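One structure is given here, and the rest of the page talks about it.
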Number of protein chains: 2
Amino acid sequence: MTGRLSALQRGKRLQRVTIAQVAARAGVSTATVSRVLSGRGPVSAEVRRRVRRAADDLGYQVNHAARALRNSRTDTVGMVVPSITNPFFTSLVENVEHALGREGKELFLCDARSDPEVEARRLASLVARNVDGIIVSPSHGTDSGPAVQATADRLPLVQLDRFVGGTNTDWVGVDDVAAMRQVVDHLHAGGARSAAFVGSHLTNSSTEQRFAGFRRRAEELGVAHDPAHVLLGDYSVDWGETAAARLIEGGGLPDAIVCADDLIALGVTRACRAHGVPVPDRVQVTGFDNIEFARLGEPALTTIDQPCARIAAEAVRLLAAAGARGDGERGASAHIALVPELVVRDSTRAPATTG
Amino acid sequence: MTGRLSALQRGKRLQRVTIAQVAARAGVSTATVSRVLSGRGPVSAEVRRRVRRAADDLGYQVNHAARALRNSRTDTVGMVVPSITNPFFTSLVENVEHALGREGKELFLCDARSDPEVEARRLASLVARNVDGIIVSPSHGTDSGPAVQATADRLPLVQLDRFVGGTNTDWVGVDDVAAMRQVVDHLHAGGARSAAFVGSHLTNSSTEQRFAGFRRRAEELGVAHDPAHVLLGDYSVDWGETAAARLIEGGGLPDAIVCADDLIALGVTRACRAHGVPVPDRVQVTGFDNIEFARLGEPALTTIDQPCARIAAEAVRLLAAAGARGDGERGASAHIALVPELVVRDSTRAPATTG
DNA sequence: GTCTCCTGTGTAATCGATTGCAGTGAAATT
DNA sequence: AATTTCACTGCAATCGATTACACAGGAGAC
């Protein structure tokens, strides 16, 4: 077996082919090769054919480092998310990756571990790597500010989903307030006259906006929302379980529990089940994001569907636009708030008219 | 408001600082600056201080493109997975990202969409980008072969979790056969005397190995496994539901359903619930991977825990070793099979001795 | 028949960091 | 005192692709 291995398999790796080698084989200069391969500049059909042939024969591939140095463009985009294990961010990453792939760009993925310091380091690293632009969902509503702004001063930058105050960059996400309005309307229609809110600490825009939207609509509709029924922790199933247990054991369980994301909601429904509290009959529960597992909950979660594909597409488009504008003037920053859709499943009650 | 914006906020982006500017400011040559910043070569304390100072003042950051061109090393690793939305791969990605971060390396993430052609394109792109190494979990057990081998001929490459036949590269994963042995032993101890297997099409090593392990142990223990009870689809909740429905409606439901991953198992338990088949009393169900949502199933899934952190760490270590060996001789490829652990939850029965 | 203009091609500079080589002193050695 | 050694520092080449500029030669205009 070993005897049959080619020289290649035994050891030496393939040598990289440069433009100079292609030029030599085609009997032209490197300038001409570059012109043929990039399609810029006039080249006779005959030479074009020879160069293509030579490049194919040699298996030429551009050296992106050299090109990046010369063009100061890397065809690479950096993305920083608080936690890639949150399925919502996973979905965003997936969609951004696909959108970039369509333009021949590559994705540098960074996980900030919900820590603004790690986040700042990752951003700096991306800048040093000359990415063409950065897509970031900031971990913290204020602490992420300096690093995000400093980065935006050097590169096109788009904030996704969450945003940080005091910065002046493009943003794409959903209209959290409008979303919560739909949620509260739906719960109210299902008979809820009091509601709790379970979110993460108010240190990021998602929770802030969602809570604000919740409160505003609850007040408009006269849905009671006791301050003691606002529980803040983090975006996790565990926190959802803890919070729900606290609500149940504390007595005075409201008619509905509005959660700032699906992970929390999954934890809440789980705790309800464990405590023998029927959902939605005793308490209605809603999530946010519509992650894949939302429909797998027991009962399946009513939630807000985030249009991840569109969010990603818009973000990539904004970056491309910023890149095209060049390093020169930056216009007013774009704020694109998509209106999300309520997905009704089994964790909430049908409107009172039918029930 | 607009009037208060600094020149920076209004438009022009910060200019990149080069080593030459630092040199000028410190009154030394670029060579000296490079020596100070890289810590290589002798430099007097006084000059060292001046250079550091100048670099700080100017906010110097290396240009990775230039460094990559000169050093032909990018401090970047590429990773290709079949589907980033599968929580198991998400977890692998997260752990690889963290492991690389510790070494100051960055991660290029690519999603192959379970398509060998997309995968091949992504691999080629990573090669063109001069990544220092590639970590790949091949989408297909045979079709992924050519691209993976071609890539491995050019760069250090480690296969993760899955591997493709006919290639000669390092691999890290769990011992699927040993894992399945534990699963079958456990089910047998819980009283199972017949079992079905639900996996994906046998086009990747995970399913192949897991099925092989399942079958071998089932035969050893005399657990019946009707060929009609081997259902192959894909790694998804939907497929799990479909497969379970088929088993239930087909009659002759076995004592246990062994699933090739947790997503399938979640679908299976869901279908059982929907059809009123009690788990684990009528049928025991097992998963594989121990994704976060495994414990959230109803009932919580008994599954095999994949040591993602260790797998990732080993992969990164192997890459680093291959990189250190240089492009020269490649020794025999390493095959590291970690022994995973069975996590017993509520979807299987306690051993017969207690039940 | 001379003068433009245009197509097609090559030469060489450029991007920014790194490093082999050489040179300059000062300290150590004989 | 002559010579070796060594720490420090600068010059310039290098990595590979791109592109401004120059130039050759042919077509067309007058």
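In the text below, chain A, chain B and the rest are named by the order of the sequence lines, each starting its count at 1. These numbers come from a predicted model, not from an experiment. Heavy-atom basis, side chains included; hydrogens, waters and symmetry copies ignored.
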Touch class at under 4.0 angstrom, heavy-atom based, for B/Ser34 against every strand present: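 Base, at least one base heavy atom under 4.0 Å.
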Sugar-phosphate only, base, or nothing, as touched by B/Val28 at under 4.0 Å among non-hydrogen atoms: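 Touches sugar-phosphate only.
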Pairs involving residues 90-125 of chain B, ordered by first then second residue, that meet ring pair (Phe, Tyr, Trp, His ring centres under 6.0 Å) (sequence neighbours left out):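 Qualifying pairs, neighbours excluded: A/Phe108-B/Phe108.
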Test log, rule side chain to side chain contact (heavy atoms under 4.5 Å, CB included), inputs B/Val158 and B/Glu314: CA-CA 10 Å; B/Val158 176; B/Glu314 287 292 339; over 6 Å; no
Side chains of B/Ser83 and B/Thr85, donor plus acceptor under 3.5 Å: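 There is such a pair between these side chains.
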B/Leu92 CG to B/Ile135 CD1 distance, which is reported to the nearest 0.5 Å: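 Separation between the atoms: 9.5 Å.
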So, [X] side chain and [Y] main chain: donor-acceptor pair closer than 3.5 Å or not?
X: B/Asn71; Y: B/Arg73; result: no
X: B/Glu106; Y: A/Leu126; result: no
X: A/Thr76; Y: A/Thr74; result: yes

Strand contacts (DNA chain D) in residues 66-74 of chain A, 4.0 angstrom heavy-atom criterion: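 Within residues 66-74 of chain A, the residues near DNA chain D are A/Ala66, A/Arg67, A/Arg70, A/Asn71.
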side-chain N/O B/Arg40 vs C/dT19 OP1/OP2, d < 4.0 Å: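 Yes, B/Arg40 has a side-chain N/O under 4.0 Å of OP1/OP2 on C/dT19.
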Boundaries of the chain B footprint along DNA chain D (any atom under 4.0 Å from a heavy atom):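 Endpoints of the contacted stretch of DNA chain D: D/dC8 to D/dG16.
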B/Arg310 atom CZ: more than 12 heavy-atom contacts under 6.0 Å: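 12 or below, so no.
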Most 5' of B/Thr30 and A/Arg35 on DNA chain D, judged by nearest nucleotide: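 Nearer the 5' end of the strand: B/Thr30.
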